[in-house]
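Here is the naming used below: chain letters follow the sequence lines, and residue numbers restart at 1 for every chain.
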There are 2 protein chains.
Amino acid sequence: MALEVFARAGFHGASMNDVADAAGVTKPVLYQHFDSKRELYQALLEEVGTRLLRNIDKAASEATDGKSQTELGFRAYFRWVAEDHDAFLLLFGSGSRRDNEFAAAVRRITAESANAIAPLIAVDIDEDHRTTIAHALVGLAEGASRRLVDRGDAFDPDEIAAQVSALAWAGLRAVQRVD
Amino acid sequence: MALEVFARAGFHGASMNDVADAAGVTKPVLYQHFDSKRELYQALLEEVGTRLLRNIDKAASEATDGKSQTELGFRAYFRWVAEDHDAFLLLFGSGSRRDNEFAAAVRRITAESANAIAPLIAVDIDEDHRTTIAHALVGLAEGASRRLVDRGDAFDPDEIAAQVSALAWAGLRAVQRVD
DNA sequence: GCCGCCGGTTACCATTGGGTAACGTATGTC
DNA sequence: GACATACGTTACCCAATGGTAACCGGCGGC
């Protein structure tokens, strides 16, 4: 599939012929569905990103308090990484963050994730700092995932989620206003 | 400078002519110093990454206990980001993580940062999980920085460092063994 | 059985950009 | 003042690749 090809080689590293071959068709057929390489790539980004967000939203919505929301959110995230390495690589293995147009799509995903986290920060720091901290926590998950994916071996997403969310939750409680 | 050009446009987005122009020379002159575009880029990565690591090492070595080591380490990191956006973008704005050869350089940086953090995790979880958590914390800083750099406005690195390191330190204490 | 349409393929075009060879010029020496 | 050397520039080559036009074979209708 196109996702796999782009995930492995990146936007520039994969040619339309590569993508076509992987899909078992030829280039002109690809161009019947997408006007350009960029459009195809962007469509993939959107699809993959939306899937991630939906997973997280669904999981978090089942939580009753902040703590379990954190746990379930991270668990959904790491499960997604575990079962869809390629999707993770496409979004965060990057090259997607290089190009302005693509970066916007990735930012949308991280921003929405951050928005889900921001309310969990209790202290009354200003909105801007709160958002930055929320983005930091998104990075937390990304950093752990990158290592796991790089290592290549399978891993237990729930186990990782337990540790990372413990870290995150304790951390969230500790953020202080700074004068 | 070459750093600025690559930071803005990425490896693929910047041509050797662009780099040469920015440096006030012409392409062949560039090729007197570097055998290829890749080599030039890699040299930049190494230089920039080493600078970051040196800053962190120096700062952390002045700390007496784990808590202040965390604080000083993050402070050095965010100061580096604040005063050298381009370096941050080159390493983590990515595109650098796409290419296997370049990714190795970036991994070296993150791995060394993680190694500095790992010993601060007190619980006796196995080495592998400890390292993953350490990478997560590196991602924490990266996530916050990306937002700050994306926003574009100047920011106070010490203030961010205070909040992020508070989060990190509290989080580190909370990581549990999982059975 | 012949004709036309339609989906797909091959073969091609044009641009971009890494890398280099050939050229020109200034400077210092005899 | 003529020549050689060294350095930088222009001009070029060629491979890769996004995108497309022209071709081809099979299938349904007459």
Side-chain angles (χ1 to χ4, degrees), chain A residues 1-49 86-87 89-107, chain B residues 1-49 86-87 89-107:
Chain A
M1 296 294 288
L3 172 59
E4 188 182 335
V5 175
F6 276 127
R8 284 207 209 298
F11 179 73
H12 290 286
S15 77
M16 284 300 258
N17 270 324
D18 296 338
V19 175
D21 284 355
V25 297
T26 54
K27 213 168 23 157
V29 177
L30 233 53
Y31 279 94
Q32 287 171 5
H33 297 277
F34 302 93
D35 284 348
S36 69
K37 187 186 185 183
R38 303 183 67 79
E39 187 187 304
L40 163 55
Y41 192 82
Q42 188 115 33
L44 272 180
L45 278 183
E46 294 294 341
E47 179 197 322
V48 155
D86 290 339
L89 283 175
L90 190 79
L91 280 173
F92 304 115
S94 242
S96 301
R97 274 208 259 252
R98 180 70 276 157
D99 186 284
N100 273 341
E101 196 180 330
F102 301 152
V106 178
R107 262 202 299 274
Chain B
M1 295 293 290
L3 172 59
E4 188 181 334
V5 175
F6 277 128
R8 286 208 208 295
F11 180 72
H12 290 286
S15 77
M16 283 301 257
N17 270 324
D18 296 338
V19 175
D21 284 355
V25 297
T26 53
K27 213 170 22 159
V29 176
L30 235 52
Y31 278 94
Q32 286 172 4
H33 297 277
F34 303 94
D35 284 349
S36 68
K37 188 187 186 184
R38 303 184 67 78
E39 188 188 303
L40 163 55
Y41 192 82
Q42 187 115 32
L44 272 179
L45 278 183
E46 293 293 341
E47 180 197 321
V48 155
D86 289 339
L89 284 175
L90 191 78
L91 279 173
F92 304 115
S94 241
S96 302
R97 274 207 258 253
R98 180 68 278 157
D99 187 281
N100 273 340
E101 196 179 331
F102 300 151
V106 178
R107 262 201 299 273

field: Helix axis bend for the helix from C:dG1-D:dC30 to C:dC30-D:dG1 - C1'-based end axes, five pairs, 10° rounding
entry: 30°
What's the [atom1]-[atom2] distance between [X] and [N], to the nearest Å?
X: B:R38; N: C:dG19; atom1: CZ; atom2: C1'; result: 15 Å
X: B:Y31; N: C:dA21; atom1: OH; atom2: C1'; result: 14 Å
X: A:Q32; N: C:dG8; atom1: CD; atom2: C1'; result: 7 Å

Atom pair [atom1] ([X]) and [atom2] ([Y]), whose distance is rounded to the nearest 0.5 Å:
X: A:T26; Y: A:Q32; atom1: OG1; atom2: CD; result: 8.0 Å
X: A:H33; Y: A:E39; atom1: NE2; atom2: CD; result: 12.0 Å
X: B:R97; Y: A:R98; atom1: CZ; atom2: CZ; result: 12.0 Å
X: A:L45; Y: A:R38; atom1: CG; atom2: CZ; result: 10.5 Å

query: Between A:P28 and A:H12, which is nearer to the 5' end of DNA chain D once each is assigned its nearest nucleotide?
result: A:H12
field: Working for side chain to side chain contact (heavy atoms under 4.5 Å, CB included), residues B:L40 and B:M16
entry: CA-CA 10 Å; B:L40 163 55; B:M16 283 301 257; 4.1 Å; yes
Sub-4.5 Å side-chain heavy-atom contact between [X] and [Y]:
X: A:M1; Y: A:D86; answer: no
X: B:E47; Y: B:L3; answer: no
X: B:Q42; Y: B:F34; answer: no
X: A:D99; Y: A:Y41; answer: no

message: Restricting to non-hydrogen atoms, name the atom on B:A14 and the atom on B:A9 that form the minimum distance, rounded to 0.1 Å.
response: N-CB, 3.8 Å
message: Taking donor-acceptor contacts at under 3.5 Å, does the side chain of B:K37 reach the base of C:dG19?
response: no
- prompt: Under a criterion of less than 4.0 angstrom to any heavy atom of chain B, what are the 5'-terminal and 3'-terminal contacting nucleotides of DNA chain D?
  reply: D:dG8 to D:dT10
Those residues of residues 15-22 of chain B lying under 4.0 Å from DNA chain C by at least one heavy atom: B:S15, B:M16
- request: Measure up the A:F102 and A:F11 rings against each other and bin them: parallel (under 30°), tilted (30 to 60°), perpendicular (over 60°).
  value: perpendicular
